[in-house]
Amino acid sequence: MANKTVIITTLNEAWAAPNSIFDLFLESFRVGRQTCRFLNHLLVVALDQKAYDRCLSLHPHCYALTTDGIDFSGEALYMSTEYVKMMWRRIDFLRTVLKLGYNFIFTDADIMWFRDPFPHFLVDADFQIASEFYSGNSSDLNNLPNGGFVYVKSSTQTIEFYKFWYTSRQKHPGLHDQDVLTKIKHDPYITQNIGLHIKFLDTAYFGGFCVSIWFMEPVINRNYARGLEKVFVVAIENKGITAIILDGSTTLRVAASYIKRISPGVILLLTVEY
């Protein structure tokens, strides 16, 4: 993009198989409102060779990020040793991106892009992150961060912050990046020494679908919202992720069509939880 901003996601073999979450992720850019243009600015960071090969078959901008002695190809169960290592490898890589002078949006591949997020970013923040809990105040450090969606501008402060975040893993062994951020976000070193102020994104715009519908009550037909929620939740709980992938194109197009009909800015992202 003109302001040296790149969109980044990570991918391993477990998520890269045909008819997988990666296909759904790319499709969301195509069916969303004015989001197709972002595909040219999307860098997919492949964590193993099979993910890299699969990426190249679907998308022109792929980068192979390997780590000596570590195999990230398999499904990394939440909080397993492999999962924690994968999350910290991601943080270290993102710090490198900042050092190269690029701003970035990091997005998990299970986040569906249905709208342009830029109009809803905070203009005065170098680091802004999605929230699992949002108090209504973007500066409230009691908000709970969600590392699956982050917008960061390259600056001396953000580079130093990512270094501090990465090295803090040594004080909190066994924890992944999001849990460590929760522990260090109150540290005065961040504001007083680094000079960075953490900002949190409003869950009314950046949040999981099942959470977001509660913020839409004033402007939508709730029965329709519950029906659409059911499409996601029932398929996930009763049939597994394969059911969503098999019906993924239909589901995404129904969701995107619906979102385009409601008031602008109600939802930007849907997270496929599984």
Side-chain angles (χ1 to χ4, degrees), residues 5-10 12 45 47 65 67 72 76-99 102-111 117 120-122 124-208 211 268-269 271 273:
T5 298
V6 62
I7 300 167
I8 300 174
T9 194
T10 52
N12 70 344
V45 177
L47 300 174
L65 180 66
T67 304
F72 287 143
L77 298 177
Y78 181 71
M79 289 310 296
S80 65
T81 300
E82 292 76 14
Y83 175 86
V84 172
K85 288 179 179 179
M86 190 184 301
M87 295 302 100
W88 285 116
R89 185 67 182 96
R90 182 176 80 183
I91 292 297
D92 193 36
F93 173 76
L94 293 176
R95 180 169 62 97
T96 300
V97 173
L98 293 173
K99 290 173 67 176
Y102 287 92
N103 311 322
F104 66 78
I105 297 175
F106 176 81
T107 171
D108 277 343
D110 61 286
I111 290 180
H120 298 277
F121 286 139
L122 304 166
D124 60 343
D126 283 351
F127 178 90
Q128 41 198 305
I129 187 168
S131 311
E132 293 194 350
F133 167 79
Y134 184 70
S135 68
N137 179 355
S138 63
S139 299
D140 185 359
L141 291 177
N142 291 314
N143 292 319
L144 295 180
N146 182 338
F149 189 84
V150 191
Y151 177 40
V152 187
K153 298 175 184 177
S154 178
S155 66
T156 302
Q157 290 78 16
T158 55
I159 294 169
E160 185 61 29
F161 171 69
Y162 266 77
K163 179 182 178 181
F164 176 66
W165 189 0
Y166 183 72
T167 56
S168 294
R169 78 193 190 285
Q170 298 170 348
K171 296 181 181 179
H172 306 282
L175 296 185
H176 63 67
D177 58 316
Q178 183 173 302
D179 285 346
V180 170
L181 178 58
T182 298
K183 289 184 175 297
I184 68 173
K185 63 184 180 180
H186 293 280
D187 194 319
Y189 181 82
I190 295 174
T191 55
Q192 295 177 13
N193 294 71
I194 298 178
L196 181 79
H197 296 277
I198 298 173
K199 298 288 186 176
F200 296 87
L201 296 167
D202 192 337
T203 51
Y205 301 110
F206 302 89
V211 174
L268 288 166
L269 305 169
T271 303
E273 303 289 355

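Heavy atoms only, all atoms of each residue included: K199 and A125 are closest at CG-CB, 3.4 Å. In plain terms, the two heavy atoms of K185 and N143 that are nearest each other are NZ-O, 2.6 Å. Across L201 and A130, no two heavy atoms sit closer than the pair CD1-N, 3.9 Å. Of all non-hydrogen atoms in T203 and S131, the two that sit nearest each other are CG2-O, 3.4 Å. Nearest heavy atoms, V45 versus F93: CG2-CE2, 3.6 Å. The two residues F200 and L122 come nearest to each other via the heavy atoms O-CD1, 4.2 Å.
Once rounded to the nearest 0.5 Å, the distance linking CG of L65 with CG of N12 reads 12.0 Å. A distance of 15.0 Å separates CH2 of W165 from NZ of K183, quoted to the nearest 0.5 Å. Between the CZ atom of R169 and the NE2 atom of H172 there is a distance of 12.0 Å, given to the nearest 0.5 Å.
For D92, the salt bridge (charged side-chain N to carboxylate O under 4.0 Å, His left out) test picks out R89, R95, with sequence neighbours left out. Legend: residues meeting side chain to side chain donor-acceptor pair (under 3.5 Å) with S138, ordered by chain and number and at least two apart, are absent. In this view, S168 and F164, V180, I184 satisfy the side chain to side chain contact (heavy atoms under 4.5 Å, CB included) rule, not counting sequence neighbours. Here F127 pairs with F161 under the ring-ring contact (aromatic ring centres under 6.0 Å, His included) rule; sequence neighbours left out. In this structure, F106 has no ring-ring contact (aromatic ring centres under 6.0 Å, His included) partners at least two apart in sequence or on a different chain. With sequence neighbours excluded, no residue forms a side chain to side chain donor-acceptor pair (under 3.5 Å) with N137. Listed by chain and residue number, L98, K99, S154 satisfy the side chain to side chain contact (heavy atoms under 4.5 Å, CB included) test with I159 (two or more places apart in sequence, or in another chain). Looking at residues two or more places apart in sequence or on another chain, you find a side chain to side chain donor-acceptor pair (under 3.5 Å) between R90 and D108, D177. For K153, there are no side chain to side chain donor-acceptor pair (under 3.5 Å) partners, not counting sequence neighbours. The ring-ring contact (aromatic ring centres under 6.0 Å, His included) check on Y166 picks up nothing, with sequence neighbours excluded.
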Please table the atom pairs, donor to acceptor, closer than 3.5 Å between any side-chain atom in residues 188-195 and protein atoms at least two apart or in another chain.
{"from": "T191", "atom 1": "OG1", "to": "P188", "atom 2": "O", "distance (Å)": "3.3"}

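For the ring pair (Phe, Tyr, Trp, His ring centres under 6.0 Å) with F206, the lone residue among Y134, F121, Y151 that qualifies is F121.
Within a 6.0 Å sphere centred on OH of Y102, other residues, nucleotides and ligands contribute 12 heavy atoms or fewer.
In this structure the side chain of L181 reaches within 4.5 angstrom of the side chain of I198, judged on heavy atoms. In this structure, H186 and N142 have side chains that are in contact, with non-hydrogen atoms separated by less than 4.5 Å.
Proximity of a side-chain donor or acceptor of T9 to a complementary backbone N or O of T107 within less than 3.5 Å is detected. Between the side chain of N146 and the backbone N or O of E132, no donor-acceptor pair lies under 3.5 Å.
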Audit row: V152, L94, side chain to side chain contact (heavy atoms under 4.5 Å, CB included) steps and yes/no: CA-CA 9 Å; V152 187; L94 293 176; over 6 Å; no
